Each structure stands twice: as C-alpha cells, then as structure tokens.
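First the structure, in the form of structure tokens, and then the observations on it.
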Amino acid sequence: MKTFLRALALLPLPVLHAAGAAVGWLSFLLSPTYRRRFLANARQAGFRFGTIRAAVAESGKLVTEIPRLWFGRPARTEWRGGEVVQAALAAGRGILFLTPHLGCFEVTAQAYARDFGPITVLYRPARKPWLRELVATARVRPNLAVAPTTVGGVKQLLKTLKSGGAVGLLPDQVPPRGQGTWAPFFGQPAYTMNLPARLAKQAGARVLLIWGERLSFGRGFRMHVSPWDEPMAEDAEGAAAQLNRRMEAMVRDCPSQYMWGYARYKQPREELAL
C-alpha cells in the first residue's frame with residue numbers, strides 16, 4: 001500500500017484533484033447512505049444543495065490529495081492571518097490550533113511546521129495494525145509530531161502546551177462517551193469534545209482557529225487563521241456550545257469545502273475516558 005501511495009504522490013496536484021472530484025461525485029451518486037447524510041447535514045445548517053454542491057467534489061479531493069501530502073514534495077501554501085500566529089508566538093505561551101472538517105486539514109499542520117516551527121497534532125489511530133503504522137509514520141515530518149487519542153497522547157499535548165509549544169486537533173470529531181458534552185451544532189445536538197477547553201485552561205494556552213482552503217486548479221492551499229477572542233466558558237456545556245458556534249462560523253465562511261458527509265450527529269462510542 002505504501003508503495004502505491006508513493007507512486008500516486010508523484011502525480012501533479014491538479015491531476016490528483018481532478019481525480020478526487022470524480023471520486024467525490026461517484027461516492028455521492030452510488031452511496032444512498034452517504035448522499036442522505038450529506039444532504040441532511042446541509043439542510044440542517046440552512047444550505048440548499050445548489051449552494052454547496054461544490055462540496056461533493058471537494059470531499060473527493062480530500063481523499064486523493066492525501067498521497068501527495070503524506071509522501072510527496074510539499075505543496076504550495078500561503079497564509080492569511082500569519083500575523084496572528086506571529087503575535088501568539090511572541091506572547092511566549094502555548095498555542096492550541098483548532099480546525100473543523102473544512103478544506104484540507106492535513107496541510108495546516110504541515111504548513112505551520114514548515115513556516116513557524118514545531119507542532120504536535122492529535123490523531124485517532126486506525127484499528128488495523130498495518131494502517132495504524134502507515135498513518136502514524138506518514139504524518140511525521142520535520143517539526144511535525146503526532147500524539148494518539150490516548151491518555152498518554154493527551155499528556156503529551158498538555159506537556160507541549162505548558163512548555164510553550166504548539167498543538168493542533170479537530171474539535172468537531174465525535175469523542176468517545178464520557179469525553180464530551182451535548183451541545184447545539186447548527187441547531188441540532190452534537191456530542192462535542194471537552195478536550196479543547198481542558199487543554200486551553202490547564203496550560204493557559206492561546207487558542208487559534210485555522211483551516212486550509214483548497215485553491216482551484218491544484219494551485220495549492222491558503223491557511224486562514226483567526227484568534228479566539230473571547231473568554232473560554234468555565235462550565236463544560238458553555239465551552240462546548242461556544243466551540244460549536246466558532247466551528248459553525250468557520251463553515252459558513254466556506255460551506256463549499258466542508259465535509260457535509262461527516263457523521264457529526266452520531267452517538268458516541270464506548271471507550272475509557274481520557
């Protein structure tokens with residue numbers, strides 16, 4: 001599998017994105033379950049299909065660009081809000097980056113590692129051993145480390161933040177039971193991580209919102225960064241609702257690159273609490 005992915009990584013990004021657009025539409029047309037969830041999530045957020053139809057192709061591009069991002073030469077990136085990152089670094093505190101399933105979330109950590117310095121990202125290990133090893137090793141690059149969604153991984157993130165380092169995670173993933181709080185997301189209850197608020201409060205970290213816009217015709221990616229400019233709520237319910245409002249605002253900025261097919265409203269799985 002790794003050899004196959006390395007071969008795909010040699011293809012130009014425009015070719016991979018063109019193939020991804022086809023993959024996205026095939027998945028949408030051939031999978032009734034995926035299609036229903038995609039359309040239902042978009043309706044829940046108040047979007048007509050005509051407004052977000054480009055997200056069908058963008059979701060496919062998310063899949064086919066992975067080989068290039070994991071095994072190929074670095075993609076071209078640019079920053080919008082780079083001064084926000086510089087200000088956070090100058091403050092000398094840890095930085096917690098949060099991004100929803102919007103645009104290319106793989107590239108954000110790579111771009112930060114290349115342009116600003118070390119960062120550690122949280123990831124959920126795959127269930128199959130061969131895939132777990134592949135994902136863990138493929139994501140490690142200069143200045144880029146990974147931490148699994150385990151007690152040890154969370155301790156690693158907290159230690160990094162307390163030492164003034166940067167960490168990143170996707171806060172709109174559905175956490176295991178006992179690790180989240182039910183809070184509205186586009187008006188419907190969604191089980192939402194408690195971890196971002198815990199990390200920010202315990203480490204005294206600055207929270208920044210970031211997402212990677214996929215530019216047209218394979219021209220690369222544009223990072224969008226903005227500060228979390230309000231006090232973090234003290235209670236879990238308030239912090240979860242606050243977090244989801246922030247994620248909603250980011251999605252509304254570019255609904256055509258959100259993963260509407262993601263099962264955001266699913267029930268949490270049973271697992272030991274972190």
Side-chain angles (χ1 to χ4, degrees), residues 1-24 27 54-82 85 97-126 128 130-149 166-173 208-225 250 254 256-259 261-262:
M1 177 59 74
K2 186 178 292 188
T3 301
F4 176 65
L5 293 177
R6 288 187 183 279
L8 289 179
L10 298 176
L11 295 174
L13 191 58
V15 173
L16 293 171
H17 278 175
V23 168
S27 300
V56 175
E58 295 296 325
S59 295
K61 293 176 186 179
L62 179 68
V63 175
T64 57
E65 69 196 6
I66 288 295
R68 170 66 181 273
L69 295 173
W70 283 1
F71 299 108
R73 65 185 185 279
R76 190 180 75 82
T77 58
E78 58 187 63
W79 289 85
R80 181 167 294 176
V85 179
F97 286 100
L98 303 178
T99 181
H101 285 76
L102 177 66
C104 178
F105 36 88
E106 283 283 343
V107 80
T108 55
Q110 289 187 9
Y112 179 89
R114 187 168 64 246
D115 297 335
F116 293 101
I119 184 171
T120 302
V121 295
L122 185 71
Y123 81 103
R124 182 175 296 165
K128 296 182 179 181
W130 69 269
L131 185 56
R132 185 163 58 244
E133 187 275 337
L134 172 66
V135 173
T137 56
R139 281 181 165 151
V140 175
R141 294 196 169 209
N143 281 341
L144 179 55
V146 296
T149 51
V167 306
L169 57 86
L170 276 67
D172 62 343
Q173 294 186 87
L208 299 184
L209 308 171
I210 183 171
W211 70 282
E213 179 186 1
R214 190 177 295 108
L215 302 179
S216 59
F217 305 109
R219 292 181 294 120
F221 304 90
R222 178 181 295 129
M223 307 305 114
H224 295 260
V225 188
M250 295 173 73
C254 190
S256 63
Q257 292 200 17
Y258 181 61
M259 285 182 62
Y262 178 61

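The structure presented is a predicted model; accordingly, all values stated were derived computationally and were not measured. Heads up: numbering here begins at 1 and tracks the sequence.
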Quiz item: Does the pair Glu65/Arg68 count as a salt bridge with the N-to-O cut at 4.0 Å?
Solution: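 No, no charged N to carboxylate O under 4.0 Å.
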
Quiz item: Less than 4.5 Å apart, any side-chain heavy atom of Val121 and any of Leu169?
Solution: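 No - every pair of side-chain heavy atoms lies 4.5 Å or more apart.
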
Quiz item: If we only count heavy atoms from C-beta on, is the Tyr112 to Val85 side-chain gap below 4.5 Å?
Solution: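 Yes, at least one pair of side-chain atoms sits under 4.5 Å.
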
Exercise. In sequence, state the C-alpha distance, the side-chain angles, and the governing distance for Leu62 and Arg214, and then conclude on side chain to side chain contact (heavy atoms under 4.5 Å, CB included).
Key: CA-CA 9 Å; Leu62 179 68; Arg214 190 177 295 108; 3.8 Å; yes

For residues [X] and [Y], report the shortest heavy-atom separation together with the two atoms involved.
| X | Y | answer |
| --- | --- | --- |
| Thr120 | Ala147 | CG2-CB, 4.0 Å |
| Leu98 | Pro171 | CB-CG, 4.0 Å |
| Ala9 | Pro67 | CB-O, 3.3 Å |
| Pro148 | Leu122 | O-CD1, 3.5 Å |

Exercise. Verify, without hydrogens or angle tests, whether Arg114 (side chain) and Ala111 (backbone) share a donor-acceptor contact under 3.5 angstrom.
Key: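 No, because the side chain of Arg114 does not come within donor-acceptor range (under 3.5 Å) of the backbone of Ala111.
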
Quiz item: Does Ser59 reach the main-chain N or O of Met259 with its side chain, forming a donor-acceptor pair under 3.5 Å?
Solution: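 Absent.
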
Quiz item: Where do Tyr258 and Trp211 land on the ring-ring contact (aromatic ring centres under 6.0 Å, His included) test, with the steps shown first?
Solution: CA-CA 10 Å; Tyr258 181 61; Trp211 70 282; over 10 Å; no

Nearest-0.5 Å distance, [atom1] of residue [X] to [atom2] of residue [Y]:
| X | Y | atom1 | atom2 | value |
| --- | --- | --- | --- | --- |
| Leu144 | Ile119 | CG | CD1 | 7.0 Å |
| Leu5 | Leu10 | CG | CG | 11.5 Å |
| Thr99 | Leu208 | OG1 | CG | 12.0 Å |
| Asp115 | Thr77 | CG | OG1 | 5.0 Å |
| Leu215 | Arg222 | CG | CZ | 5.0 Å |
| Met223 | Phe116 | CE | CZ | 10.5 Å |

Quiz item: Can you list the steps and then say if Val107 with Leu69 is a side chain to side chain contact (heavy atoms under 4.5 Å, CB included)?
Solution: CA-CA 7 Å; Val107 80; Leu69 295 173; 4.1 Å; yes

Quiz item: Do the ring planes of His17 and Phe221 sit parallel (below 30°), tilted (30 to 60°) or perpendicular (above 60°)?
Solution: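 The arrangement is perpendicular - the two ring planes meet at more than 60°.
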
Practice problem: Go through the steps to decide whether Ile210 and Trp79 satisfy the test side chain to side chain contact (heavy atoms under 4.5 Å, CB included), and finish with yes or no. | Solution: CA-CA 10 Å; Ile210 183 171; Trp79 289 85; 3.9 Å; yes

Practice problem: Begin from the C-alpha positions of His101 and Leu170 and carry the test side chain to side chain contact (heavy atoms under 4.5 Å, CB included) through to its verdict. | Solution: CA-CA 7 Å; His101 285 76; Leu170 276 67; 3.6 Å; yes

Practice problem: Quick one: do Arg80 and Glu213 satisfy salt bridge (charged side-chain N to carboxylate O under 4.0 Å, His left out)? Show the steps, please. | Solution: CA-CA 10 Å; Arg80 181 167 294 176; Glu213 179 186 1; 5.4 Å; no

